[in-house]
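Structure, as structure tokens:
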Amino acid sequence: MKVRASLRSLKDKPGAKVVRRRGRTFVINKLNPRWKARQN
């Protein structure tokens, strides 16, 4: 999982889903798990 300042490029990928958990923002991608990321 990458920690990124901006998730904008990742949330536009096909299959990406933006999820908020415990006050943090995550991008989860079932189609390509390489694009999993957390916002710092």
- Item | Residue list, side-chain hydrogen bond (donor to acceptor under 3.5 Å, both in side chains) with Arg4, at least two apart or on another chain | Ser9

- Message: For Asp12, give me all partners under side-chain contact (heavy atoms from CB on, under 4.5 Å), at least two apart in sequence or on another chain.
- Response: Arg8

- Using the test side-chain contact (heavy atoms from CB on, under 4.5 Å), find all partners of Arg22 that sit at least two apart in sequence or belong to another chain. none

Measure the [atom1]-[atom2] distance between [X] and [Y] for me, rounded to the nearest 0.5 Å.
X	Y	atom1	atom2	value
Arg38	Met1	CZ	CE	8.0 Å
Lys2	Lys36	NZ	NZ	11.0 Å
Lys11	Thr25	NZ	OG1	12.0 Å

- Query: If you link I, L, V, M, F, W and Y whenever their side-chain heavy atoms are under 4.5 Å apart, who else ends up in the same group as Leu7?
  - Reply: Leu10, Val18, Val27, Trp35

- Do Lys17 side-chain atoms and Phe26 backbone N/O form a donor-acceptor pair below 3.5 Å? no

- Item | side chain to side chain contact (heavy atoms under 4.5 Å, CB included) between Lys13 and Asn29, intermediate numbers included | CA-CA 8 Å; Lys13 305 245 191 233; Asn29 199 317; 4.0 Å; yes

